[in-house]
Amino acid sequence: MEPIDDALRAELTELTATLCRALNDPKRLVILHALAAGPASVGRLAELAGATVANVSQHLAVLRERGLVDSEREGPNVIYSLRYPELIDTIGALRGILRAELGRRQRMLAG
């Protein structure tokens with residue numbers, strides 16, 4: 001087994017500080033999934049997420065700050081889009097791991 005080098009440690013630290021923190025909220029994950037269908041305004045994202053415009057705006061600010069979404073002004077509206085659509089595949093992989101783990105735990109309890 002290879003030792004963990006300083007470069008990998010630094011990258012993992014940065015990953016935790018940026019992307020993992022950005023993904024550490026269910027509402028932000030819902031917003032990202034909504035954007036997977038295509039660009040949308042804050043108002044539309046609020047409808048899809050079942051949240052207020054103010055709340056969704058706060059979440060979008062975090063996602064934008066962490067580099068996960070892009071924004072573009074169209075008249076009076078700001079339209080958001082995914083910067084890295086492959087992020088949805090990554091979240092899907094994590095969901096698959098979660099489902100597998102929950103199934104494993106259920107099987108253990110059923111014993």
Side-chain angles (χ1 to χ4, degrees):
M1 182 182 294
E2 293 290 321
I4 305 297
D5 66 16
D6 290 342
L8 177 57
R9 285 181 197 279
E11 188 175 303
L12 293 174
T13 298
E14 182 65 20
L15 176 68
T16 302
T18 57
L19 297 182
C20 291
R21 284 206 180 142
L23 299 176
N24 191 21
D25 188 287
K27 195 66 74 179
R28 287 196 282 270
L29 295 176
V30 167
I31 292 167
L32 290 170
H33 271 277
L35 288 172
S41 67
V42 177
R44 180 66 179 137
L45 291 169
E47 289 174 23
L48 294 169
T52 65
V53 168
N55 184 253
V56 169
S57 291
Q58 290 173 340
H59 287 298
L60 285 165
V62 171
L63 294 170
R64 190 177 54 244
E65 181 181 290
R66 299 296 197 270
L68 299 179
V69 298
D70 287 317
S71 61
E72 183 178 321
R73 184 163 290 284
E74 287 186 8
N77 295 316
V78 177
I79 305 299
Y80 290 86
S81 60
L82 283 177
R83 182 171 290 162
Y84 302 103
E86 62 270 24
L87 181 59
I88 299 304
D89 295 333
T90 302
I91 294 168
L94 292 172
R95 290 175 59 216
I97 291 168
L98 173 65
R99 285 191 300 272
E101 178 59 16
L102 291 174
R104 184 190 72 81
R105 289 179 188 180
Q106 286 179 337
R107 289 188 301 278
M108 284 178 55
L109 290 173

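Computed from a predicted structure; not experimentally measured.
For Glu14, the salt bridge (charged side-chain N to carboxylate O under 4.0 Å, His left out) test picks out no residue, with sequence neighbours left out. Every residue two or more places apart in sequence or in another chain was checked for a salt bridge (charged side-chain N to carboxylate O under 4.0 Å, His left out) with Asp25, and none qualifies. Every residue was checked against the side chain to side chain contact (heavy atoms under 4.5 Å, CB included) condition with Thr13, not counting sequence neighbours, and none meets it. Annotation: salt bridge (charged side-chain N to carboxylate O under 4.0 Å, His left out) contacts of Arg66 (sequence neighbours excluded): none. A search for side chain to side chain contact (heavy atoms under 4.5 Å, CB included) contacts involving Val42 returns Val53, Val56, Ser57, Leu60, Tyr80, not counting sequence neighbours. Under the rule for a side chain to side chain contact (heavy atoms under 4.5 Å, CB included), the partners of Glu72 that lie at least two apart in sequence or sit in another chain are Glu74.
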What donor-acceptor contacts under 3.5 angstrom involve side-chain atoms of residues 83-91, with partners at least two apart or in another chain?
unit_1, atom_1, unit_2, atom_2, d
Arg83, NE, Asp70, OD1, 2.6
Arg83, NH1, Gly67, O, 3.3
Arg83, NH2, Asp70, OD1, 2.4
Thr90, OG1, Glu86, O, 3.4

Could you pull out every donor-acceptor pair under 3.5 Å between side chains of residues 43-51 and any protein atom, sequence neighbours left out?
unit_1, atom_1, unit_2, atom_2, d
Arg44, NH1, Glu47, OE1, 3.0

Do any side-chain atoms of residues 92-108 form donor-acceptor pairs under 3.5 angstrom with protein atoms, and if so which ones, sequence neighbours left out?
unit_1, atom_1, unit_2, atom_2, d
Glu101, OE1, Arg104, NE, 2.8
Glu101, OE2, Arg104, NE, 3.4
Glu101, OE2, Arg104, NH2, 2.6
Glu101, OE2, Arg105, NE, 2.9
Arg107, NH1, Gly103, O, 3.2

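Side-chain heavy atoms closer than 4.5 Å link hydrophobic residues (I, L, V, M, F, W, Y) into clusters, and following such links, possibly through other members, connects Leu29 to Leu19.
In this structure, Leu63 CG and Leu23 CG are separated by 7.5 Å, a value rounded to the nearest 0.5 Å.
Residues Ser71 and Val78 come closest through the heavy atom pair CB-CG1, 3.7 Å. Summarising the geometry of Leu68 relative to Ala22, their closest heavy-atom pair is CD1-CB, 3.8 Å, with the distance given to 0.1 Å.
Within the structure, no pair that satisfies the salt bridge (Lys or Arg N to Asp or Glu O under 4.0 Å) test touches residues 26-36, not counting sequence neighbours. Pairs of residues two or more places apart, or lying in two chains, never qualify as salt bridge (Lys or Arg N to Asp or Glu O under 4.0 Å) while including a residue from residues 1-11.
Residues Cys20 and Leu15 have side chains in contact (heavy-atom distance under 4.5 Å, counting atoms from C-beta outward). Using a 4.5 Å heavy-atom threshold, the side chains of Ile79 and Asn77 count as touching.
Residues near Leu109 contribute nothing to a hydrophobic cluster around it, because no ILVMFWY side-chain heavy atom sits closer than 4.5 Å to its side chain.
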